[in-house]
J.: 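The structure is given below, and queries will be raised subsequently.
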There are 2 protein chains.
Amino acid sequence: MNIGDAAKASGISTKMIRHYEGVQLLPPAQRTESGYRQYTENDVRSLQFIRRARDLGFSIDEIRDLLSLWQDRNRPSRQVKALAAVHLETLDKRLQELQAMKSALEHLVHCCQGNDRPDCPILETLAGTGNDASDADASSAQRHRHGHRITGGAA
Amino acid sequence: MNIGDAAKASGISTKMIRHYEGVQLLPPAQRTESGYRQYTENDVRSLQFIRRARDLGFSIDEIRDLLSLWQDRNRPSRQVKALAAVHLETLDKRLQELQAMKSALEHLVHCCQGNDRPDCPILETLAGTGNDASDADASSAQRHRHGHRITGGAA
DNA sequence: CCTTGACCTTCCCACCGTGGGAAACTTCAC
DNA sequence: GTGAAGTTTCCCACGGTGGGAAGGTCAAGG
């Protein structure tokens with residue numbers, strides 16, 4: 001089975017299959033004499049495993065752990081559960097941040113007339129000119145912001 | 001005002017202030033003779049505007065648009081609202097994906113005993129060995145996946 | 001046999017937003 | 001004048017994904 005077929009069968013692009021091999025998420029694939037990667041049904045099952053884990057939002061590092069637990073017949077399910085629970089908390093955090101953004105923006109959009117006039121509560125709030133107390137003027141509230149902000153971006 | 005003070009006053013790191021200038025989100029700052037960037041109260045207001053927009057999850061590109069609408073006294077609030085509405089939809093999409101992940105994972109975690117035994121519905125589901133019909137075996141369902149997947153990752 | 005087209009290989013580059021750090025310089029207070 | 005804290009630019013990293021170039025391979029059809 002060439003990489004393209006494995007890609008179709010697993011739902012992971014050829015690009016990503018090679019990438020996963022590169023970051024050691026997968027062991028180096030077998031090669032034909034000419035250098036083509038060869039995959040077995042078993043390899044495809046690993047790929048599917050990875051895809052499903054990605055679909056649940058697990059990071060590469062977490063998937064590495066999941067895979068090794070999967071391979072280990074003597075794993076205690078406790079470990080799997082713990083790993084999943086940690087990820088669940090992460091998801092929850094993101095969800096909450098996102099939900100907060102949504103509510104705030106929803107409120108603003110709702111308040112904006114959306115006509116030909118220039119007055120706009122959305123801009124006013126962003127500018128800090130709004131009468132909205134929830135401004136959180138940074139000077140006072142230097143919150144952590146140490147990590148990743150939510151990926152709310154678009155375009 | 002040096003960049004550090006502007007950073008403190010706006011809640012944006014010096015790194016990011018320079019970056020925003022680099023990607024033309026901000027006009028090039030004034031400089032002292034020795035090359036230090038100088039900021040006015042007005043500049044700080046722009047920075048705060050940006051920070052608040054980022055806090056609502058707007059992308060750099062969207063903020064560029066928001067800034068120019070803000071500067072334009074004759075903007076129709078319709079335009080601002082439209083921009084915000086588009087972003088709102090994006091947020092909503094992400095929220096839904098995230099929510100779906102969370103529910104699915106929550107279910108699995110709930111089902112897993114989390115003891116010393118190796119049986120684990122989480123792994124079984126990822127492996128596709130689970131009796132869970134919601135498997136979505138890629139071979140049949142080559143969905144778009146053309147863009148960014150949700151940033152559910154951790155670690 | 002040779003061409004053509006579909007596949008494969010590696011390698012580098014892009015996105016988004018953010019931070020880290022090096023090497024050099026400036027400013028200020030002591 | 002010396003040292004500390006600020007600033008400058010530049011390059012590199014992360015996560016995960018895709019794009020594309022330049023080249024090799026394979027099978028089918030003329």
Side-chain angles (χ1 to χ4, degrees), chain A residues 1-8 10-26 28-39 50-51 53-64 87 90 94 97 101 143-155, chain B residues 1-26 28-39 47 50-51 53-64 87 90 94 97 101 143-155:
Chain A
M1 211 183 203
N2 281 347
I3 197 172
D5 306 301
K8 268 172 214 151
S10 66
I12 298 188
S13 71
T14 60
K15 279 276 190 200
M16 289 315 295
I17 295 180
R18 293 194 197 97
H19 176 65
Y20 290 155
E21 181 181 325
V23 298
Q24 330 243 62
L25 188 54
L26 292 169
Q30 290 300 116
R31 303 282 187 134
T32 64
E33 279 184 40
S34 55
Y36 279 27
R37 288 178 180 79
Q38 289 301 117
Y39 296 88
I50 293 173
R51 182 182 54 76
R54 290 292 303 139
D55 284 348
L56 287 178
F58 284 100
S59 71
I60 305 292
D61 279 347
E62 288 168 329
I63 296 176
R64 225 185 312 263
H87 178 53
T90 309
R94 307 232 196 249
E97 292 177 296
M101 286 183 193
R143 56 251 196 258
H144 288 292
R145 197 184 286 310
H146 82 299
H148 35 227
R149 92 173 27 244
I150 221 67
T151 305
Chain B
M1 211 182 202
N2 281 349
I3 196 172
D5 307 301
K8 269 172 214 149
S10 64
I12 298 187
S13 71
T14 59
K15 278 276 189 200
M16 291 314 295
I17 295 180
R18 294 194 196 95
H19 176 66
Y20 290 156
E21 181 180 326
V23 299
Q24 330 244 61
L25 188 55
L26 292 168
Q30 290 301 116
R31 302 281 187 136
T32 63
E33 281 184 36
S34 56
Y36 278 28
R37 288 177 180 79
Q38 289 301 117
Y39 295 88
L47 287 169
I50 293 173
R51 181 182 54 76
R54 290 292 302 139
D55 284 349
L56 287 178
F58 284 101
S59 71
I60 305 292
D61 278 347
E62 288 168 329
I63 296 176
R64 226 186 310 265
H87 178 53
T90 308
R94 307 231 195 247
E97 292 178 296
M101 287 184 194
R143 59 257 197 247
H144 288 293
R145 199 187 284 309
H146 82 300
H148 34 225
R149 85 168 41 236
I150 222 66
T151 305

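In what follows, every chain begins at residue 1, and chains take the letters A, B, ... in the order their sequences are listed. None of these values were measured; they are calculated from a predicted model.
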J.: Is there a side-chain contact between B:Tyr20 and the phosphate of C:dT18, meaning an N or O under 4.0 Å from OP1 or OP2?
T.: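 Answer is yes, contact under 4.0 Å.
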J.: Measuring from the side chain of A:Arg31 (C-beta onward, heavy atoms only), which nucleotide among D:dG18, C:dT9, C:dG17 has the closest atom?
T.: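 Of the options given, the side chain of A:Arg31 lies nearest C:dT9.
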J.: Starting at the 5' end of DNA chain C, which residue's closest nucleotide do you reach first, B:Thr32 or A:Gly4?
T.: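 It is A:Gly4 whose nearest nucleotide is closer to the 5' end.
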J.: In whole Å, I'd like the distance from the CZ atom of A:Arg18 to the P atom of C:dC11.
T.: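 From A:Arg18 CZ to C:dC11 P: 12 Å.
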J.: Figure out the CZ/C1' separation between B:Arg64 and C:dG17, and round it to whole Å.
T.: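 The distance from CZ of B:Arg64 to C1' of C:dG17 comes to 13 Å, rounded to the nearest Å.
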J.: I want to check one thing: is the phosphate of C:dG19, taken as OP1 and OP2, less than 4.0 Å away from some side-chain N or O of B:Ser13?
T.: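 So the side chain of B:Ser13 is within the cut-off, an N or O lying under 4.0 Å from OP1 or OP2 of C:dG19.
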J.: Between B:His87 (side chain) and B:Glu62 (backbone), is there a donor-acceptor pair under 3.5 Å?
T.: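 Such a contact is absent between B:His87 side chain and B:Glu62 backbone.
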J.: Is the shortest side-chain N/O distance from A:Ser34 to OP1 or OP2 of D:dC26 below 4.0 Å?
T.: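 Result: yes.
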J.: Please report, rounded to the nearest Å, how far the P atom of D:dT8 is from the NE2 atom of B:His19.
T.: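 Atom-to-atom, B:His19 to D:dT8, this comes out as 16 Å.
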J.: Quick one: which of D:dT17, C:dG20, C:dG17 gets closest to the side chain of B:Arg54?
T.: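 Looking only at side-chain atoms, B:Arg54 lies closest to C:dG17.
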J.: How long is the line joining CD1 of B:Ile3 and C1' of C:dC25, in whole Å?
T.: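 Checked: the CD1 to C1' distance equals 15 Å.
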J.: Rounded to the nearest angstrom, tell me the gap between atom OH in A:Tyr39 and atom P in C:dC7.
T.: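 Whole-Å distance recorded here is 16 Å.
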J.: Answer whether the closest heavy-atom distance between the side chains of A:Asn2 and A:Gln38 falls below 4.5 Å.
T.: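 Touching, per the 4.5 Å side-chain cut-off.
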J.: What's the CG-P distance between A:Asn2 and C:dG5, to the nearest Å?
T.: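 Distance, rounded to whole Å: 20 Å.
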J.: Atom CD1 in B:Ile12, atom NE2 in B:His19: separation rounded to 0.5 Å?
T.: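 Answer for the CD1-NE2 pair, B:Ile12 versus B:His19, is 11.0 Å.
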J.: What is the distance from CZ of B:Arg37 to P of C:dT26, rounded to the nearest Å?
T.: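 Answer to the nearest Å: 15 Å.
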J.: Should B:Tyr20 and B:Ile63 count as side-chain neighbours, where that means a heavy-atom distance under 4.5 Å?
T.: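 No, too far: nothing below the 4.5 Å cut-off.
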J.: Taking the side chain of A:Lys15 as heavy atoms from C-beta outward, which of C:dG21, D:dG16, D:dG18 is closest to it?
T.: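 Selected nucleotide: D:dG18.
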J.: Any idea which of D:dG16, D:dT7, D:dG24 is nearest the A:Tyr36 side chain?
T.: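 The nucleotide sitting nearest to the side chain is D:dG24.
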J.: Rounded to whole angstroms, how far apart are CZ on B:Arg51 and P on C:dT18?
T.: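 So the CZ-P distance, B:Arg51 to C:dT18, works out to 12 Å.
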J.: Measuring from A:Met1:CE to A:Ile3:CD1, what's the distance to the nearest 0.5 Å?
T.: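 One finds 11.5 Å between CE of A:Met1 and CD1 of A:Ile3.
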